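Because only heavy atoms are used, hydrogens play no part in the values below, and waters and symmetry mates are left out as well, while side chains stay in. Model, not experiment: these values are computed from the prediction. For ligands, and for the atoms within them, numbers begin at 1 and follow the listed sequence.
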Amino acid sequence: MDVINEVCEILDLLYKHGWDERNGGNLSYIVTKEEVKTIVSEEKEIREFKYDFDMTPLIGKYFLITGTQKYFKNCLKDPVTNLGLLKVKDKHTLSLLWGYKDGGRPTSEAPTHLKCHIERLKIDPLHRLVCHCHPINIICMSHILELNEKKWTEILWKMQTESIVVFPEGIAVLPWIICGGEEIGEATATKMKEYRSVVWAQHGLFATGRSLDEVFGLIETIEKAAEIYMKICDKPIVQSITNENLKQLAKAFNINYRKGIID
Ligand code: 13P
Ligand code: ZN
C-alpha cells in the first residue's frame, strides 16, 4: 500500500471512531524521499506557504499535511484535494509539491505541528507523526477534572492495565487556549519535550510518535482509559488498580515510567 493510502486509512479510522467531526483534527507525517517518488515523478513547486517562525531543523524534510477546513471523512475518496505534500524549503517556507487541488492550504494548526516535530525529533530521530484529534471522553474529562497532569496521568494509568505500558511518560495537559495561534503552539511544543501526548482542555488531543500505528494506538489507549473513567467516575469504586499493581507491571514489563506520580 502506498503512503497516501496508509495516511488516508488512518484518517478514515479516526473519523469512524467519532474523534474528527467536520474539519476537526489534523495530521502531519514526515515522508521519505523514496515515498515522495511514489507520489510525484519530479519535484515541482505548485505554491508556497510562508510562516514567521524558524523551521531550520526541518529544512529538506517532506511532510504530508491535512488541509485546513478539510474533513477526515473525505480523505480516502479524494486525497489530492484534502492532503498536501510539502517540502520545507527554507526556514520560513513550505513548498507545495502535490495536493490541495482546490487551492487549499495546510491546516491552521501547521505551526503547532511543525514546532512539535522539531521538539520530538530532538528526542527521537525516528519520530515521524503528529496527529491532532477531538476524542469525546478526553474532552469530557477536561470539563470535570482539574487540569493537573499528575492527576490525569494517575487516573488514566489506573483505568486499565495497558495504560502505563503504552504511555509510561504520562500525559501532559494544557488549559483552554485559543487554537491555531502562537501561544498554544509554543505551549504544546514545550510539553512535547517530555511527553508524546498533550491534552488541550475542552478541545482534544495532540499525539506523536514513530508510525501511524503507534500514534493511532496511543490515541486509542488514552481515549479508552478516558472512556472508562467517564463511565465509572460517578459510581462507588469497590476495587481498582493500586500503586503497587502499577509498580509490579513496570517491573514485569521493564517500563521506565514517570516518577513522582505513584511513588
Ligand atoms: P483545520 O481545519 O485548520 O485543520 O482545524 C481543525 C482543528 O481541529 C483546529 O484545532
Ligand atoms: Zn482541533
(message) Under a 4.0 angstrom heavy-atom cut-off, which atoms of ligand 1 come close to His203?
(response) 10 (O)
(request) For His132, counting its heavy atoms only, list the atoms of ligand 1 lying under 4.0 Å from any of them. (result) 8 (O), 10 (O)
(request) Look at atom 7 (C) of ligand 1 and say which protein heavy atom is nearest, naming residue and atom and giving the distance to 0.1 Å. (result) Asn26 ND2, 3.5 Å
(request) Look at atom 10 (O) of ligand 1 and say which protein heavy atom is nearest, naming residue and atom and giving the distance to 0.1 Å. (result) Glu109 OE2, 2.6 Å
(message) Salt bridge or not between Lys87 and Glu45? Use side-chain N to carboxylate O under 4.0 Å.
(response) no
(message) Check this for me: does any side-chain nitrogen of one of Lys158 and Glu154 sit under 4.0 Å from a carboxylate oxygen of the other?
(response) yes
(request) Please work out whether any backbone atom (N, CA, C, O) or any side-chain heavy atom from C-beta onward of Asn23 is under 4.0 Å from ligand 1, and answer side chain, backbone, both or neither. (result) both
(message) Please tell me whether Phe206 and His132 form a close aromatic pair, meaning their ring centres lie under 6.0 Å apart.
(response) yes
(request) Please say whether Thr107 places an N or O atom under 3.5 Å from an N or O atom belonging to ligand 1. (result) yes
(request) Give a yes or no on whether a salt bridge exists between Lys122 and Glu119, defined as a side-chain N under 4.0 angstrom from a carboxylate O. (result) yes
(request) Enumerate the protein N/O/S atoms at a distance below 2.8 Å from the Zn ion (ligand 2), ignoring waters. (result) His132 NE2, His134 NE2, His203 NE2
(message) Is the shortest side-chain heavy-atom distance between Tyr51 and Thr93 below 4.5 Å?
(response) no
(message) I'd like to know if Lys224 pairs up with Glu162 as an ion pair, taking the criterion as any Lys NZ or Arg NE/NH1/NH2 lying under 4.0 Å from an Asp or Glu carboxylate oxygen.
(response) no
(request) Say whether Cys179, considering both its backbone and side-chain N or O atoms, lies within less than 3.5 Å of an N or O atom on ligand 1. (result) no
(message) Please enumerate all residues that pass ring-ring contact (aromatic ring centres under 6.0 Å, His included) together with Trp152, with sequence neighbours excluded.
(response) none
(request) Using a strict cut-off of less than 4.0 Å between a Lys/Arg side-chain nitrogen and an Asp/Glu carboxylate oxygen, indicate whether Asp78 and Lys70 qualify as a salt bridge. (result) no
(request) Measure from NZ or CZ of Lys33 to the centre of the six-membered ring of Tyr62, then state whether that distance is under 6.0 Å and the direction lies within 45° of the axis. (result) no
(request) State the atoms of ligand 1, each with its element, that fall below the 4.0 Å cut-off from a heavy-atom position in Ser108. (result) 1 (P), 3 (O), 5 (O)
(request) Go through ligand 1 atom by atom and flag the ones less than 4.0 Å from a non-hydrogen atom of His134. (result) 8 (O)
(message) I'd like to know if Lys89 and Glu48 make a salt bridge, using a cut-off of under 4.0 Å between side-chain N and carboxylate O.
(response) yes
